[in-house]
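Order of appearance sets the numbers: ligands from 1, and atoms from 1 within every ligand. Computation of the quantities below employed the complete heavy-atom set of this structure, encompassing side-chain atoms and omitting hydrogens, waters and symmetry-equivalent molecules. Along the sequence shown, residues carry numbers from 1.
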Amino acid sequence: MDLRIRSFEDYQEKYKLSVTDPDQFWDEIGRSFQWNEPYDQVSKWEFETPDVKWYLNGKLNITENCLDRHLECKGDDCALIWEANNPTESAVHWTYQELYEKVCEFSNALKAQGVGKGDRVIIYMPMVPEASVAMLACARIGAVHSVVFAGFSANAISDRINDAQAKMVITADGLNRGAKQVPLKEVVDDALIHCYSIEKVIVFDCLGSNPNMEAGRDVWWHEAIDGMDKSCPAEPMDSEDVLFILYTSGSTGKPKGVVHTCGGYMVFAAYSFQNVFQYQEKDIYWCTADVGWITGHTYIVYGPLLSGATTMMFEGVPTYPDASRFWQICDKHQVNVFYTAPTAIRALMACGDEHVENHDLSSLKVLGTVGEPINEEAWRWYKERIGKGRCPIVDTWWQTETGGIMISGLGDLSPQRAAHAGYPLPGIQPVLLDQEGKEIKENGVEGYLCIKHPWPSILRTTYGDHERCKVTYFSHYKNHYFTGDGAKRDENGMYRIIGRVDDVINVSGHRFGTAEIENAINENRLVVESAVVGYPHHIKGQGIYAYVVCETMPSDLEKARAEILETVIEEIGKIAKPEKIQFVTGLPKTRSGKIMRRILRKVAEGEADKLGDVSTLLDPSVVDDIVAGAF
Ligand code: WT7
């Protein structure tokens, strides 16, 4: 298969073709996959409705492309390495043949438990290889997986189950996380109190912790696969059949289910994986993300397996047993391509260089980052201390909605500039728009980042609510997909992502809507109203700052804070805990009742002296109280 860009000149040529004749460009790439029936049209789209289709009428199964296709030549090659949380536990190595058999076996188990094409299945799992097996088995039988990150609370799970009307949950008794164990089955049990669509729960025994098992509903993974055939025909899927739903936060309301479909997602996942990381045969590739996020979907599971690569999965955390764990693992498995998040880089940088020393990092060839803007200091540390100045850094900009990497260096082919994502992949047409929606064509400018032509893995809809998809992404600027990010383009046309321009905050690469966190806080009995903003945080990128109004000012502030945190943990999960909670007597509002977040942001950023005009406020005096009580 040749989707490969081989030099920067080749990049420039392919980029040109991808703009002048996108269909020809994507047709050449699309042909390198295994289709049960070929597509008869490359793309058909309009951004008004929106209605976007790729590889029309093609029939395929992504798992045949991930697994079956490799068996003949690569059946004995390593497909998946798993490194346990506990450093003394031995690693798991599965060949393509073994992974294929495990996926088939579990596919048959799913069918036996009543799951079929089109059914939605929630996956709430630890970072164990069975999580990948569960995803692939769903894809093999045409069921739609929706992975929910295992840090989300019972309420967050039940919202997603109900929105997707899922039939099954696949989970584990619990998970290992550093020195701790976290129960998962208990959380699922709590979630299911409010769900009526779930018929079966499959439970993987990860801890041997003997969870509650409800007769007739709950089935052990090992019992479900017992006696199942290790081959299973792959369901022929239409290119535009749904492959998965992944929930993500937006600026309003509850998280929405981003929908990706089979054909286009497959093509873009493999194409972007191979080019961005310049993956070479036999390389060991490690992405440290969790399968609960889009990065785990596209760059732990689908992209690498579609490419016949060896993909590593890590169960634990970067700081257990100590802050050298990542480098120790790179050394142990002789990792060639390493892909992580700026927040992890900053956290490890803060732990001191002694953790990097004494580990052989000479196998590393390409380093990647994703999830949030990387600051220059962290970029340089990564480049010098980890890459020893030898390895290119690919700063990969993309989103849950884009399905794959959009703007990034391509291994060592592209020019590098610290903290810049760089140039768009061939096939991707980013533009910067001004306030009025006019395209800014020059270089050395800043604007709203939009994309003016579809690519194969663009989201197709938000599950069950197409209008929301239209309003969120396609209505801000006519005929453009709006990313929600602001960006700069330098004199050489390289992009630097500045960050979100909407009410979305990015905490350690995890995405939350301010409204989502406010709604959670407001569930607390003490709270009358609240306003949440992001502020710069030296490790997490952004921290969550909550201004909270209570009926009466709590007498014990610490106790009230703890109680509110508990509510947020219950409503969303620990990952959404505000860093700072300030109790205030009122929020700054305009006469029409709109909260002036600009003011709250300035205070949270420690720039209370730069508030600007506050005279239009209903009650300007609340601002003085807020400034006086700020952290
Ligand atoms: C938002 C998307 C894409 C997988 C992980 C996050 C920010 C992502 C970068 C980057 C600067 C980045 C953007 C984007 N973001 N990558 N390389 N440089 N910012 O996925 O949860 O869908 O979040 O993450 O703000 O809009 P997500």
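In Arg500, the CZ atom is crowded: over 12 heavy atoms of neighbouring residues, nucleotides or ligands sit closer than 6.0 Å. Crowding of Lys574 atom NZ: a count of heavy atoms from other residues, nucleotides or ligands under 6.0 Å not exceeding 12.
Under the rule for a side chain to side chain contact (heavy atoms under 4.5 Å, CB included), the partners of Asn275 that lie at least two apart in sequence or sit in another chain are Arg4, Ile5, Tyr271, Gln278, Leu410.
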Report every pair formed by an N or O atom of ligand 1 and a protein N or O atom separated by less than 3.5 Å, giving atom names and the distance to 0.1 Å.
from, atom 1, to, atom 2, distance (Å)
ligand 1, 15 (N), Gly371, O, 3.4
ligand 1, 16 (N), Gly371, N, 3.1
ligand 1, 17 (N), Asp395, OD1, 2.7
ligand 1, 17 (N), Thr396, O, 2.8
ligand 1, 18 (N), Glu372, O, 3.3
ligand 1, 19 (N), Pro373, N, 3.4
ligand 1, 22 (O), Thr400, N, 2.7
ligand 1, 22 (O), Thr400, OG1, 2.6
ligand 1, 22 (O), Arg511, NH1, 2.6
ligand 1, 24 (O), Gly371, O, 3.2
ligand 1, 24 (O), Asn506, ND2, 3.3
ligand 1, 25 (O), Asp485, OD1, 2.7
ligand 1, 25 (O), Asp485, OD2, 3.3
ligand 1, 26 (O), Gln399, NE2, 2.9
ligand 1, 26 (O), Asp485, OD1, 3.3
ligand 1, 26 (O), Asp485, OD2, 2.6
ligand 1, 26 (O), Arg500, NH1, 2.8

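There is a side-chain donor-acceptor pair under 3.5 Å between Asn375 and Arg346.
Between the side chain of Tyr55 and the backbone N or O of Trp26, at least one donor-acceptor pair lies under 3.5 Å.
Side-chain atoms of Asn336 and Leu364, non-hydrogen and from C-beta on, never get closer than 4.5 Å to each other.
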